[in-house]
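Following: one structure in structure tokens, then a few remarks.
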Amino acid sequence: MTKSIEDLEAIATHVRSYFTVEDEAREKALRLCRRVIQHSANAIRAVHRREQDEARRLLDSAYKLIQDINHNLAEHSEILHSGFVHDAQKEFAEGCITLALVAEEDIPKPEELGVAYAAYLNGLGEAVGELRRYLLDNLRRGDFSRGEELLAVMDDIYGVLMTMDFPEVVTHGLRRTTDAIRGIVERTRGDLTIALRQERLEAK
């Protein structure tokens with residue numbers, strides 16, 4: 001075997017070892033991300049069922065998983081910034097933000113949640129759809145107390161996301177999310193206006 005071939009074999013051995021470690025880290029992260037998404041989705045369902053304690057429990061579990069993912073991928077930056085990790089962080093951020101807004105608490109910061117800024121902003125945008133659902137559920141129950149407040153929050157979120165005018169490769173599709181929010185806010189404004197008019201008519 002020539003010297004060049006021996007060198008090539010050594011390089012190949014090193015590269016195989018590197019990819020083996022990367023692949024193991026990726027598989028582990030995939031499993032954890034699936035659990036984060038599951039916990040976050042169940043937490044949002046709990047919020048809509050008015051089970052805030054259960055939502056908090058689920059989000060606490062998801063937070064611990066997020067911490068594990070960040071720790072495990074500290075030396076695997078390409079995986080940490082991959083699409084499936086972004087999606088898990090986004091779902092977690094959406095759950096935490098939705099709970100905070102419904103419970104009338106301060107919105108958590110990205111650093112508190114341990115998520116990337118792009119994932120946080122996309123989660124913030126997705127939370128608008130959950131606020132619409134929560135608002136409409138209230139209206140169906142005859143509860144108009146927080147309708148205008150929640151609509152104002154939705155409007156504020158849209159206004160903030162509109163200012164994030166950066167390339168899609170940086171924001172991970174935030175522009176599409178923002179475009180969708182505009183329609184959600186306008187439909188909600190119309191639904192709330194009709195419901196309030198009806199309620200005033202019935203009151204008269």
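No experiment lies behind these values; they were computed from the predicted model shown.
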For Leu174 and Leu161, what are the C-alpha separation, side-chain angles and deciding distance, and is it a side-chain contact (heavy atoms from CB on, under 4.5 Å)?
CA-CA 8 Å; Leu174 183 61; Leu161 296 184; 4.2 Å; yes
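- Using a 4.5 Å cut-off on side-chain heavy atoms (C-beta onward), Leu151 and Leu131 make no contact.
- Two residues are said to be in side-chain contact when any heavy atoms from C-beta on lie closer than 4.5 Å; Lys28 and Asp68 fail this criterion.
- Distance check, rounded to the nearest 0.5 Å: OG of Ser82 to NE2 of His76 gives 12.0 Å.
- Distance check: Arg132 CZ to Ile184 CD1 gives 7.5 Å after rounding to the nearest 0.5 Å.
- Val128 is listed as a side-chain neighbour of Val185, based on a closest heavy-atom distance under 4.5 Å.
- Met154 CE to Leu101 CG: the interatomic distance, rounded to the nearest 0.5 Å, is 10.5 Å.
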As a quick check of understanding, evaluate side-chain contact (heavy atoms from CB on, under 4.5 Å) for Met162 and Tyr158, giving each step before the final call.
CA-CA 6 Å; Met162 277 289 292; Tyr158 174 66; 3.5 Å; yes
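- The two residues Ile107 and Ala100 have their closest heavy-atom pair at CA-CB, 4.3 Å.
- Within the 4.5 Å cutoff, the side chain of Leu58 has heavy atoms near those of the Glu54 side chain.
- Inspection of the Glu111 and Tyr117 side chains reveals an N or O donor paired with an N or O acceptor under 3.5 Å.
- Between Cys33 and Ile69 the shortest side-chain heavy-atom distance falls below 4.5 Å.
- Under a 4.0 Å N-O distance rule, the pair Arg140/Asp137 qualifies as a salt bridge.
- For Glu186, the side chain to side chain contact (heavy atoms under 4.5 Å, CB included) partners at least two apart in sequence or on another chain are Arg189.
- Side chains of Ile44 and His48 form a contact here, defined as non-hydrogen atoms less than 4.5 Å apart.
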Asn72/Leu32 under side-chain contact (heavy atoms from CB on, under 4.5 Å): CA gap, chis, key distance, verdict
CA-CA 10 Å; Asn72 294 340; Leu32 294 179; 3.8 Å; yes
Hey, mind stepping through His14 and Ile11 against side-chain contact (heavy atoms from CB on, under 4.5 Å) and telling me if it holds?
CA-CA 5 Å; His14 176 73; Ile11 292 169; 5.8 Å; no
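- Residue Thr98 comes nearest to Ala127 through the heavy atom pair OG1-CB, 3.5 Å, listed as atom of the first residue, atom of the second, then distance.
- Taken from OG1 in Thr193 to CD in Glu148, the straight-line distance is 8.0 Å, to the nearest 0.5 Å.
- Of the possible donor and acceptor atoms, one in the side chain of Gln89 sits under 3.5 Å from a partner among the backbone N and O of Ala116.
- Between His86 and His172, the ring planes are parallel. Angles under 30° get that label, and only those over 60° would be called perpendicular.
- Residues Ile97 and Glu126 have side chains not in contact (no heavy-atom distance under 4.5 Å, counting atoms from C-beta outward).
- Side-chain atoms of Val102 and Glu130, non-hydrogen and from C-beta on, never get closer than 4.5 Å to each other.
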